[in-house]
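Presented below is the structure to which this report refers.
No experiment lies behind these values; they were computed from the predicted model shown. One is the number of the first residue; the rest follow in order along the sequence.
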Amino acid sequence: MKSTEEIMKILQVYDQTLSYRETARQCGCSPHTVIAYVKKRRQGALGDPLKRPRASIIDPYRAKIEELVAESSGKVRAKAVCKRLKNMGYRGSDRTVRSAVAAAKKAYQKQNRRIFRPWVTEPGHWAQFDWADGPAVGGRKTYLFCAWLAWSRYRIVLPVYDRKQPSLIGCLSEAMAIFGGTPAHWLTDNQKAITPGRIANLPLKHPEMVRFARHYGTTMQLCMPADPQTKGGSERTVALAKQDLLPSDLNLRSQYQSFGELADACDEFMREVNTRAHRVTRRAPIKMLAEERRSLHPLPRTPFAAALGRERTVDPGDGLIAWESARYSAPSELAGEKVLVREQGDQLIISARSENGGGWREVARHRLAGRGARVIDEDHYAGDPPPGALRREPIPQNPLQAEFLGIGPNAGRWLKAACDAGAGRLGEKLVEIVELARLEGREDVDAALAVAEHCERFGFGDIASILVAGSPRRLHRPPEDAFPRQETLKGWRDFGANGSRDA
C-alpha cells in the first residue's frame with residue numbers, strides 16, 4: 001500500500017501527461033495502479049485503502065509462534081521456530097518466518113517491558129560499587145573498583161590486583177576518603193567477599209564486613225541475585241571505565257607498562273567524568289559533591305591514608321608477623337618477605353610491595369589484639385575466601401524454614417538479625433528451635449525469640465536458656481519487700497507451740 005506522498009505524485013504526473021503508461025513509467029509502478037488511483041479520485045474515494053490485507057501462508061502458525069516466543073521470554077531464534085513449523089507442515093520460506101517471529105517478539109516485549117519508577121535520590125544516603133576486569137599489567141591480571149555516589153553522580157575507579165576482602169576494604173576506605181565522608185548505605189551485588197551465602201532469601205553477611213561497616217558508621221546492602229538493574233549507577237560506571245581504560249582499537253590506548261601508569265589513567269578518567277556536566281543533572285558531579293559532603297557521615301578520626309608503618313618480616317614457617325607482643329597472619333605467598341605494618345584506629349593494616357614494583361598495596365587487615373594473642377585469618381591459608389537492600393523479608397525455601405517462620409512474627413525478626421550479625425550454622429540452629437517449638441509451644445518460643453533478638457543472642461541453646469529462665473511474657477518476680485523476714489518466719493513457726501498466742 002502506497003503512502004499519501006506517492007499517491008499524490010502519481011496523480012500529479014498523470015495530470016501533466018494524461019497517459020497511464022507514461023505516469024507508470026515515471027513513478028515506477030503498474031499502469032493498473034495509476035488507473036485505480038485516478039478512478040478513485042473521480043469517485044471521491046481516495047481516503048479508502050486501495051488494498052485489503054491479504055492472507056499469508058504463515059497465518060495458521062502465528063498462534064504457535066506467539067506461544068514459542070512467550071515460552072522463551074522473547075529470546076527464541078527464528079531458525080529454531082522455522083524448524084518447528086516445518087515439522088508441523090509449513091512449506092513457506094524462512095524469510096516469512098523471520099518476519100513473523102520479529103513481529104511476535106516486538107509485541108511480547110511491548111507487553112512485558114519492565115518499567116522502573118524514577119529513583120529520587122537523597123544526598124548522602126546511597127553509594128554503589130562493583131568490579132570490572134581491568135587490563136593485564138606485566139602479565140598479571142588487574143581489577144577496577146568502580147564506585148558511584150548516587151545523588152551527585154560522582155564516580156571513582158581504583159585499580160587493584162585482586163578482589164579479595166582486604167583489597168575490597170582498602171578500596172571502600174579510599175573511596176570514602178575521596179568522598180569526604182561516609183554514605184548511609186553501600187549497595188552492591190552478592191559477592192563472596194561480603195556474603196558467603198543466603199538463607200531464607202536473606203544475605204548472610206561476612207562478620208569482617210559487618211565490623212568494617214560499623215567502624216565507618218555505614219551498612220552493606222545487597223541487591224537481589226541476578227538483577228543488575230537494581231544498581232544501574234555502578235553498572236554504568238563499570239561500562240564507562242572499561243570503554244575508556246581497557247586498551248582497544250576504539251580508544252587507541254596502548255598496553256600499560258606498570259601499575260602506576262594504570263593508576264594515573266584511572267585518575268585522569270575520574271577527572272574527566274567528574275568535571276563535565278552530567279546529562280541528567282546538567283551539573284558537574286564534582287560541584288554537586290561539595291554540596292553532598294554536608295550530608296555524609298564524618299570519617300573515623302584516624303584517616304585511611306596514613307603512613308604505611310614500620311617494617312616487619314613475615315615468618316617463613318607459619319606466615320605470622322609480630323606487633324606489640326602479639327602475632328598476626330599475612331597471605332602465605334608473602335612468607336619470608338618484608339611488609340609494612342601500621343595501626344589505624346582499632347585495626348592493624350599490613351601492606352606489601354607489588355611484584356612489578358608498582359607501589360605498595362594492602363594485603364591484610366586485623367583487629368588489634370592484646371599481648372600474647374595470635375590473630376589468624378583463614379583466608380590467608382585457604383587461597384580463596386569462603387563461600388546476601390533494605391526491607392528484605394525472609395522467604396522460606398524449604399519445609400524447615402517454612403515451619404520456623406511459622407512459629408510467630410518474632411521468628412523472622414530473629415533470623416534477619418542473625419544474618420545481619422553474621423551468625424554461623426543457622427541451618428542447624430533452625431532445626432533446634434523448630435524441635436523446641438514442638439515441645440514447648442509456639443507462643444513461648446516466639447516470645448523467647450523476641451528476647452534473643454533484642455539481646456543479640458544467636459548461639460546454640462540460647463532459646464532453651466531463655467525459656468528456662470522465663471520469657472518476659474510470663475516471668476514475674478515480686479519485689480524484695482514481698483518476702484517475709486526471718487524473724488517473722490520464726491514467730492509463725494512457734495505459734496501455738498505452748499498452747500498460747502505468745503511465740
Task: Criterion side-chain contact (heavy atoms from CB on, under 4.5 Å) on Leu289 and Asn274, from CA distance to verdict - done: CA-CA 9 Å; Leu289 177 63; Asn274 292 321; over 6 Å; no
Open item on the list: I'd like to know if Arg62 and Glu66 make a salt bridge, using a cut-off of under 4.0 Å between side-chain N and carboxylate O.
Closed with: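 No.
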- [ ] Flag the pair Arg365 and Asp377 as a salt bridge only when some basic side-chain nitrogen lies within less than 4.0 angstrom of an acidic carboxylate oxygen.
- [x]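 No, Arg365 and Asp377 are not salt-bridged.
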Kindly compute the distance separating [atom1] ([X]) from [atom2] ([Y]), expressed to the nearest 0.5 Å.
| X | Y | atom1 | atom2 | answer |
| --- | --- | --- | --- | --- |
| His125 | Leu187 | NE2 | CG | 11.0 Å |
| Cys419 | Leu202 | SG | CG | 5.0 Å |
| Phe269 | Leu144 | CZ | CG | 9.0 Å |
| Cys146 | Met270 | SG | CE | 10.5 Å |
| Arg198 | Lys205 | CZ | NZ | 14.0 Å |
| Ile178 | Leu149 | CD1 | CG | 11.5 Å |

Open item on the list: Tell me which pairs pass side-chain hydrogen bond (donor to acceptor under 3.5 Å, both in side chains) where either residue lies in residues 69-82, with sequence neighbours left out.
Closed with: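 Found none.
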Open item on the list: Listing request: all side-chain hydrogen bond (donor to acceptor under 3.5 Å, both in side chains) pairs with a residue in residues 396-406, at least two apart in sequence or in separate chains.
Closed with: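 Listed once each, the pairs are Glu403-Arg438.
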Task: Set of side chain to side chain donor-acceptor pair (under 3.5 Å) partners for Arg371, sequence neighbours left out - done: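 In terms of side chain to side chain donor-acceptor pair (under 3.5 Å), with neighbours along the sequence ignored, Arg371 is linked to Ser325.
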- [ ] Report the residues that fulfil side chain to side chain donor-acceptor pair (under 3.5 Å) with Glu428, sequence neighbours left out, ordered by chain and then residue number.
- [x]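 Scan of Glu428 (side chain to side chain donor-acceptor pair (under 3.5 Å), adjacent residues dropped) gives Arg425.
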Open item on the list: As a quick check of understanding, evaluate side-chain contact (heavy atoms from CB on, under 4.5 Å) for Val81 and Lys83, giving each step before the final call.
Closed with: CA-CA 5 Å; Val81 175; Lys83 185 177 180 180; over 6 Å; no
Check whether any side-chain heavy atom of [X] sits under 4.5 Å from a side-chain heavy atom of [Y], and report yes or no.
| X | Y | value |
| --- | --- | --- |
| Arg457 | Ile466 | yes |
| Ile350 | Leu340 | no |
| Leu436 | Leu467 | yes |
| Asp267 | Val157 | no |
| Met209 | Leu168 | yes |
| Leu172 | Met220 | yes |
| His278 | Arg155 | yes |
| Ile349 | Val341 | no |

Open item on the list: Please find the pair of heavy atoms, one from Pro159 and one from Ala263, that lie closest to each other, and give the distance.
Closed with: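 Looks like CG-CA, 3.9 Å.
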Open item on the list: Whether the Gln191 and Thr188 side chains hold a donor-acceptor pair (N or O, under 3.5 Å, no angle test) is what I'd like checked.
Closed with: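 Short answer, yes.
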Open item on the list: Within the 3.5 Å criterion, strictly below it, is a donor on Tyr256 or Thr142 matched to an acceptor on the partner's side chain?
Closed with: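 No - no donor-acceptor pair under 3.5 Å links their side chains.
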Is a donor on one side and an acceptor on the other found under 3.5 Å between the side chain of [X] and the backbone of [Y]?
| X | Y | value |
| --- | --- | --- |
| Thr182 | Thr218 | no |
| Ser152 | Glu292 | no |
| Arg312 | Ala322 | yes |
| His366 | Ser329 | yes |
| Asn190 | Cys223 | yes |
| Trp414 | Val451 | no |
| Glu432 | Gly461 | yes |
| Asp444 | Gly441 | no |

TODO: Hey, can you tell me if Tyr154 and Phe179 have their rings parallel, tilted or perpendicular (30° and 60° cut-offs)?
DONE: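 Because their plane-to-plane angle is over 60°, the rings of Tyr154 and Phe179 count as perpendicular.
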Task: Ring geometry between His185 and Trp126 (parallel below 30°, tilted from 30 to 60°, perpendicular above 60°) - done: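 Plane angle between 30° and 60°, so tilted.
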Set of side chain to side chain contact (heavy atoms under 4.5 Å, CB included) partners for [X], sequence neighbours left out:
| X | result |
| --- | --- |
| Glu393 | Lys416 |
| Pro409 | Arg413, Asp446 |
| Leu405 | Pro394, Pro396, Leu415 |

Under the salt bridge (charged side-chain N to carboxylate O under 4.0 Å, His left out) test, residues paired with [X] that sit two or more places apart:
| X | value |
| --- | --- |
| Glu453 | none |
| Arg84 | none |
| Lys141 | Asp133 |

TODO: Step through the shown structure and confirm whether more than 12 heavy atoms of other residues, nucleotides or ligands are within 6.0 Å of CZ on Arg374.
DONE: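 Result for CZ/Arg374: open.
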Open item on the list: If you count heavy atoms of other groups shown closer than 6.0 angstrom to CD of Glu456, is the number above 12?
Closed with: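 No, not enclosed.
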TODO: Name all residues meeting the ring-ring contact (aromatic ring centres under 6.0 Å, His included) criterion together with Tyr108; count only those two or more places apart in sequence or in a different chain, and write none if there are none.
DONE: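 Residues passing ring-ring contact (aromatic ring centres under 6.0 Å, His included) with Tyr108: none at all.
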Open item on the list: Taking ring-ring contact (aromatic ring centres under 6.0 Å, His included) as the definition, give me every residue that meets it alongside Trp131, ordered by chain and number, with sequence neighbours left out.
Closed with: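 In terms of ring-ring contact (aromatic ring centres under 6.0 Å, His included), with neighbours along the sequence ignored, Trp131 is linked to Phe145.
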- [ ] Could you tell me whether Lys429 sits above the aromatic face of Phe460, with NZ or CZ closer than 6.0 angstrom to the six-membered ring centre and within 45 degrees of the axis?
- [x]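 Yes.
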Open item on the list: Could you go through Phe129 and Trp186, starting from their C-alpha distance and side-chain angles, then the distance that decides it, and tell me whether this counts as ring-ring contact (aromatic ring centres under 6.0 Å, His included)?
Closed with: CA-CA 7 Å; Phe129 72 90; Trp186 279 100; 5.7 Å; yes
TODO: For the pair Arg294 and Glu291, evaluate side-chain contact (heavy atoms from CB on, under 4.5 Å) and give the outcome as yes or no after the intermediate values.
DONE: CA-CA 6 Å; Arg294 296 194 292 264; Glu291 300 178 16; 3.9 Å; yes
